[in-house]
Number of protein chains: 2
Amino acid sequence: MAVEEGYISPPPTLPSTRCSIHLGVQAGSMRRGSDVLSTSRGTVRERGRNRSWLLSSIITVNVLILGIALVSGSVFNNVKINTINLQIFLIVLLILTTAWMLYYTIYTSREDHAVLYKDSHAGPVWLRGGLVLFGLCSLIMDVFKIANYVGYLHCDSAVKIVFPVLQAVFILVQTYFLWLHAKDCVQLQRNITRCGLMLTLSTNLMLWMAAVTEESLHQTVVPPEDGNSTHSYDIRASGGYSSCNCSHSACAVLEKAYYYLYPFNIEYSLFASAMAYVMWKNVGRLIDEHNHHSLHFRLKDVLVGPAVGLVMLGAGLGTFIFYEVDVEKGDPEKRDMVLMIHYVMNTVAVTLMSVSTVAGCAIYRLDQRDHVSGKNPTRSLDVGLLIGASIGQFTICYFTIVAVVATGAEGHLNALNLAVSLLTVIQLCLQNIFIIEGLHREPFHEDMHQASVFTNPYVLQAQAHRDIHNFPGTFMETKMSPALTVHSMHVAPSAPSGSPLPQRHRLTWKRRALKEICAFLLLCNILLWIMPAFGARPQFDNTIGAEFYEFTMWAAVVNIGLPFGIFYRMHSVASLFEVFLTS
Amino acid sequence: MAVEEGYISPPPTLPSTRCSIHLGVQAGSMRRGSDVLSTSRGTVRERGRNRSWLLSSIITVNVLILGIALVSGSVFNNVKINTINLQIFLIVLLILTTAWMLYYTIYTSREDHAVLYKDSHAGPVWLRGGLVLFGLCSLIMDVFKIANYVGYLHCDSAVKIVFPVLQAVFILVQTYFLWLHAKDCVQLQRNITRCGLMLTLSTNLMLWMAAVTEESLHQTVVPPEDGNSTHSYDIRASGGYSSCNCSHSACAVLEKAYYYLYPFNIEYSLFASAMAYVMWKNVGRLIDEHNHHSLHFRLKDVLVGPAVGLVMLGAGLGTFIFYEVDVEKGDPEKRDMVLMIHYVMNTVAVTLMSVSTVAGCAIYRLDQRDHVSGKNPTRSLDVGLLIGASIGQFTICYFTIVAVVATGAEGHLNALNLAVSLLTVIQLCLQNIFIIEGLHREPFHEDMHQASVFTNPYVLQAQAHRDIHNFPGTFMETKMSPALTVHSMHVAPSAPSGSPLPQRHRLTWKRRALKEICAFLLLCNILLWIMPAFGARPQFDNTIGAEFYEFTMWAAVVNIGLPFGIFYRMHSVASLFEVFLTS
């Protein structure tokens, strides 16, 4: 306990580090001078910030609401004239966004000082990796679409081919753009960049909306139960093929294939939206580069968590393959059987996860640590995205609960369905609490000597100077303690920092237990990510939801909720990895 | 120009303020010292804040999503079993929220130091006045509902009577609670208070959702065009009266009456939600009491704006009364006539407003002022609510535009409808920019001598002192310049502050023009508030929306969008009044 909290409560004395004061003062006063001179520029900057913030918000609101109106018009009206209009709208958006992204890439590559700061938290590797993966699938989807529409070219609008072609170009450019620039804190041309990023966000959200709608309509028209697809093809929004035959033979296959790829495209749009939003938040931000802690990933500290997690993962993937194979066959009795296995698997996983999360929260109580102080926009955003994305899963669970309870919940299958939904709700709440609490705790510092600078009166004095001189620069976000720590290390090389202490390899049982729990939860979240991401749809295979709500309603709920659920699981994996490192 | 900016841009050279530096250092180290001492208390507080923030968010998410599932179930399912379940859920929420509000009121009245700070921006008079007004209407609605359901008591569930009774009690308690406590910045029992306020928010949003749904269903079932109400009564969600007759004769009248009061109830829930949210944001906040400027409301400075505004208001109310009277009669030809007059009136109003807003923005460019610096949560919230509420109106406009354009827009009526919608979109964008820009500008200070304090070394010293003593409450939000200004008047009484200058009564033309524009916009917004608030529904009287989208869809859009539009207009009036005062 004393060892772990050592870096917080300052030891009484320290060697005097005279030179550090001097340096601190100089740095402070220099900063101050430049600030006085640049005051008028500062207010102009703030005014500009407010204006471009407002302008970009208004653009987004207008684009999105016009888009919603067009999508609603194409779904709900009786004339069915609007699909082409919607696609023209999307094409305009795609062209504008692609042009802006190219302009930005070229502009920043030419200017030397275009990007001075990078936000190390933004665009983490899981997000960028996911983006590339889903981008690839989306590209394949577009190729299939193009090939399909070519077959209908003699009797259908050419706009339908232009759209996937442009979308493919857009995906290529955007993936390249976000891969390179996701961490940028843009300083030049902020107004244009803000508007451009909001345009990117709007375009991605519009593509997401259009894809979700099309996917839902497709499922509504060809529901899994009855196969009267010839009749329903007339109703299809993207259709109008009733009197038009495909000129080559691959059409049917292609169409089936690209509908399988829709979920990846939906996920791609969500990822890109999240990254564009983070970039927008980071425009004009000056970041203290010293924020970084070097944390080591050492797997050998933990054993039980990963082991149990791997067992769960293996068992889960096994049942998942059974599930996929047997559901494809379409035999109702077999379907109920594999659904039951699937539910049992999920119940076990979710229960174990909940129990271990409770244990983890209990350990937090025992192992009290300071919370990271100071504002951290990326962290708040992370937390917001985590809670926001979990809403998708919550929605599906509560809708299932209401449906099962209202219809009486007879039979094993319904009871299991209800149990899984209830337990998932509990698990989501607990996991959110666990992750957010974990992310807000101060990371464990292995060498506690760094902490001792807090009591050095000279350093304090220097710090005081820094405070005075820092004050006018309101934009600079400095985190108190890390900056102090780093400073002391540079100036006072005599301090035995970084020296390997004997207790370094002996984790306390609390830290070890936390790491075990994180590892276990991480693997389970991977399992719960893989199953829906690669096609498990128990929500449709179990017909209770579709029967209780109207099918359209249920398809909308599942198609909007599930991609967020998938995003949530990926985000959880990343966050749990961070908690693993810091605990 | 120079006069107005004098107090902002610092003079080029400062007298050597040796002692202030010295003080600064002291200030810093003292700050540091008190910080070290209060670290444990501070971090405990921060930890508590994060936890209760998280807990209350999770409660809200769960309540709302379960509520959405129940509402959707009661609308979309085929069994129609869920209205009672939904009402039981609402009853539980009402009881819990009422109990908490009573507890809070009693607790704070007993504790002496329960509420140390009040947020002067929170719960402005228009919001509280609106709350009471709409609360009264909601109470009347509940009385009518109770009287109506009493007639069906012999053949229907008693839950249906319990609900309006409890809702009436809830409205009484909540209006009293919010009237008294809307400005509170709660310091004691923060965790409970946060959860309680989020519960209040959830309950109000649930009531809002239930009311919107019921209103939409009611309109869907008895559409204005055809009167086959006997058939449709069977489908009604709140019904099931097909085989059940009312035991007293007033039922039909009562039911008609309380449906007229639904919009007020919807508005009441929105108002209460906004106030609960602001209170939640203010929990634990320590506010600098010196923020207040004494701004005088002097009507005699302006003439043209109010005069033109009053003419618009008179003309608008005249056409509104015509409209209401003639639409009631139901004659299609007359209806088209008054719709035309209504559209023309709106076109004129919105055009004039847009033009004057553009002029106002141009004057902002000429009359450059500093932006209010520093963070101000209430101000950000105000801006957020303004933009958020405008989305309702945007949605209706864009849906109308898409419908009119897609169907070809033939005839004067459609052309006017399109024109009104387009102009309204433009007006909303401009007005948002104008108001937000206006709210962010530094208010005009009439005596410029206060500005000179920046060069007074004693004041700097005093400022340093202030910093020391203020600091330990880390939550303290201080706005730089106003605090300085106020402070300087205390410390340096030798400065000729407050002396009536000769130019005081001669406003510059720029300031006067801004005030005229604000007054005009304010009156026009009152007009645009009155018309929908008291029953004008051109969206339904003109059948193009209902014909293009399915009626359910259109009713949902209008019933969700319009209350936000009404809220937006009221909020704009209040904000414009503030801009009027500060410009």
Colleague: Nearest heavy-atom pair of A/Leu54 and B/Ile433: which atoms, and what distance?
Modeller: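 In this case the closest contact between A/Leu54 and B/Ile433 is CD2-CA, 3.6 Å.
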Colleague: Under a 4.5 Å cut-off applied to non-hydrogen side-chain atoms, are B/Trp53 and A/Val383 in contact?
Modeller: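 Counting from C-beta outward, B/Trp53 and A/Val383 do come under 4.5 Å.
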Colleague: Let me know if A/Val557 has heavy atoms under 4.5 Å from chain B in its side chain, its backbone, both or neither.
Modeller: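 For A/Val557, there is no contact with chain B at all, as no heavy atom is under 4.5 Å.
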Colleague: Apply side-chain contact (heavy atoms from CB on, under 4.5 Å) to residues A/Asn85 and B/Val402 and explain how you reach the verdict.
Modeller: CA-CA 10 Å; A/Asn85 297 5; B/Val402 167; over 6 Å; no
Colleague: The test is side-chain contact (heavy atoms from CB on, under 4.5 Å); show your working for A/Leu66 and B/Phe399 and say whether it passes.
Modeller: CA-CA 7 Å; A/Leu66 178 56; B/Phe399 271 77; over 6 Å; no
Colleague: Answer whether the closest heavy-atom distance between the side chains of B/Ile68 and A/Thr395 falls below 4.5 Å.
Modeller: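 B/Ile68 vs A/Thr395: side chains apart.
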Colleague: Who wins among B/Ile401, B/Asn62, B/Ile436, B/Leu55 for the most heavy-atom pairs under 4.5 Å with chain A?
Modeller: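 Most heavy-atom pairs within the cutoff with chain A belong to B/Asn62.
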Colleague: Is chain B contacted by the side chain of A/Ile58, its backbone, both, or neither, given a heavy-atom distance below 4.5 Å?
Modeller: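 Just the side chain, heavy atoms under 4.5 Å.
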Colleague: Does any heavy atom of chain A fall under 4.5 Å from the side chain of B/Leu64, the backbone, both, or neither of them?
Modeller: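 It is neither, since no heavy atom gets under 4.5 Å.
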Colleague: Measure the spacing between OG of A/Ser72 and CH2 of B/Trp554 and express it to the nearest 0.5 Å.
Modeller: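 Interatomic distance, A/Ser72 OG to B/Trp554 CH2, rounded to 0.5 Å: 10.5 Å.
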